[in-house]
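Okay, so here's the structure we're looking at.
Here is the naming used below: chain letters follow the sequence lines, and residue numbers restart at 1 for every chain.
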2 protein chains.
Amino acid sequence: MNNLGNNKKDSTTDNIALDEKDIAILQLLEEDAKMTIRDLAAKLNLSATPVYERIRKMEQAGVIRQYAAIVDPSKIDKALTVLCYISLKEHGKKAGSKFIKEITSFPEVMECLNISGQFDFMLKVQVKDMLAYHEFNVNKLGELDNIRHMESVFVMSVIKATHRVVY
Amino acid sequence: MNNLGNNKKDSTTDNIALDEKDIAILQLLEEDAKMTIRDLAAKLNLSATPVYERIRKMEQAGVIRQYAAIVDPSKIDKALTVLCYISLKEHGKKAGSKFIKEITSFPEVMECLNISGQFDFMLKVQVKDMLAYHEFNVNKLGELDNIRHMESVFVMSVIKATHRVVY
DNA sequence: TTCTAATTGGAACATTATTCTATACTGATA
DNA sequence: TATCAGTATAGAATAATGTTCCAATTAGAA
């Protein structure tokens with residue numbers, strides 16, 4: 001048990017009620033953010049204006065957090081994904097914050113989750129190859145002083161990876 | 001050890017050499033895919049044409065896999081993330097394919113990784129709450145007949161989550 | 001140097017996003 | 001049922017952006 005992590009709300013406004021049309025728009029934009037408003041409108045049997053307004057509302061409400069270009073890691077020589085499990089020695093607020101600050105500064109760390117179970121954190125680390133991971137381990141994780149235990153699990157293949165949360 | 005997973009290449013063309021300008025473009029588009037070509041050009045001290053051509057090449061080469069709207073799960077009532085670890089009884093090609101086909105069909109499964117270690121797969125499951133996860137477990141995972149062992153790890157907070165792989 | 005191929009700038013053009021206004025709808029009230 | 005207020009919508013006008021074209025420039029090889 002620990003009290004680490006950062007739960008700050010980053011929404012611009014309060015919650016928003018989404019109807020079926022909003023959901024449909026989200027589903028389409030999750031797959032292809034470059035779809036034009038007119039194409040969206042045609043699929044939903046609407047004109048451009050309501051689609052445009054609905055998207056704008058969802059952006060402002062923080063429902064749509066970001067539009068991102070998704071890059072294939074293997075194409076930029078980052079073919080190895082490793083899940084790195086870490087438990088800390090000190091779980092106090094101060095020690096935890098320090099660890100988080102350092103971890104999040106590493107560009108190799110795509111994801112850092114505060115988890116239940118025997119470990120405190122799971123990192124998803126994206127690197128070129130095993131040598132690069134070894135160096136990350138030694139030079140970056142190895143420099144942190146609050147790590148009690150560490151375990152690496154290697155990703156052999158990606159069966160499914162999506163950003164779609166709307167269904 | 002197993003031979004599961006699907007490593008098919010989905011690139012449109014062969015590999016491509018990326019220079020510093022390409023990298024810079026990727027980094028910016030990973031953060032904000034809606035940034036205009038003219039803004040990108042201004043940041044890179046180029047005109048619109050070369051930026052446009054470079055993006056097009058990276059799209060066709062599969063370096064840019066997708067443009068996606070990233071939705072905040074908590075805003076659409078999917079606030080609980082669970083890591084679900086699974087090991088199979090049968091690891092043959094046929095049994096593995098069947099499992100993969102079923103798992104990837106579940107919309108709650110955001111991610112499915114074939115991993116090293118005591119388990120065969122890690123699923124990242126995104127649901128409303130604990131009750132919804134319980135139902136997913138019973139009604140969907142529970143219907144699969146090839147599962148030997150299963151373990152759930154709950155995500156208490158997300159410290160870092162990025163799609164940036166270019167650095 | 002000279003040549004070739006690739007890259008670039010800037011203008012022209014095509015497409016799309018965005019705004020505006022009038023109309024249609026919805027649900028509540030009397 | 002009639003009327004009203006608030007919201008959502010379509011369609012046209014405008015602004016912004018994407019896309020193409022071509023001439024000029026650059027970089028590298030012979």
Given atom [atom1] of [X] and atom [atom2] of [N], what is their separation to the nearest angstrom?
{"X": "L44(B)", "N": "dT7(C)", "atom1": "CG", "atom2": "C1'", "result": "14 Å"}
{"X": "I55(A)", "N": "dA8(D)", "atom1": "CD1", "atom2": "P", "result": "15 Å"}
{"X": "K34(B)", "N": "dT16(C)", "atom1": "NZ", "atom2": "P", "result": "13 Å"}
{"X": "L18(A)", "N": "dA8(D)", "atom1": "CG", "atom2": "C1'", "result": "16 Å"}
{"X": "I25(B)", "N": "dG18(D)", "atom1": "CD1", "atom2": "P", "result": "13 Å"}
{"X": "L40(B)", "N": "dG18(D)", "atom1": "CG", "atom2": "C1'", "result": "12 Å"}
{"X": "Y52(A)", "N": "dA15(D)", "atom1": "OH", "atom2": "P", "result": "14 Å"}
{"X": "I37(B)", "N": "dG18(D)", "atom1": "CD1", "atom2": "P", "result": "5 Å"}

Using the ring of F106(A) (Phe, Tyr or Trp, six-membered ring only), decide whether K160(B) places NZ or CZ under 6.0 Å from its centre and within 45 degrees of its axis. no

Short side-chain N/O contact from R54(B) to OP1 or OP2 of dT8(C), under 4.0 Å: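 Result: yes.
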
dG18(D) phosphate, OP1 or OP2: any side-chain N/O from R56(B) under 4.0 angstrom? no

Please classify the nucleic acid contact of [X] as base, sugar-phosphate, or nothing, using heavy-atom distances under 4.0 Å.
{"X": "N45(B)", "result": "sugar-phosphate"}
{"X": "K21(B)", "result": "sugar-phosphate"}
{"X": "R38(A)", "result": "base"}

Same cluster or not: are I70(A) and I55(B) linked, directly or through other Ile, Leu, Val, Met, Phe, Trp or Tyr residues, by side-chain heavy atoms under 4.5 angstrom apart?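 No, it is not one cluster - the side chains of I70(A) and I55(B) are not joined through contacts under 4.5 Å.
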
E30(B): which of I25(B), V165(B), T162(B) passes side-chain contact (heavy atoms from CB on, under 4.5 Å): V165(B)

Please pick, from dG9(C), dT17(D), dT18(C), the nucleotide with the shortest atom-to-atom distance to any side-chain atom of S47(B).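 Given the options dG9(C), dT17(D), dT18(C), the side chain of S47(B) is closest to dG9(C).
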
Output the single nucleotide from dA8(D), dT7(C), dG18(D) whose closest atom is nearest the side chain of K57(B). dT7(C)

How far does CZ of F136(A) sit from CD of E108(A), to the nearest 0.5 angstrom? 5.5 Å

Closest-nucleotide ordering on DNA chain D, the 5'-leading residue of E53(B) and E53(A): E53(A)

If the plane angle is over 60° it's perpendicular, under 30° parallel, otherwise tilted; pick one for F119(B) and H149(B). parallel

On a plain distance test, is the side chain of T49(B) in donor-acceptor contact with the base of dG10(C) below 3.5 Å? yes

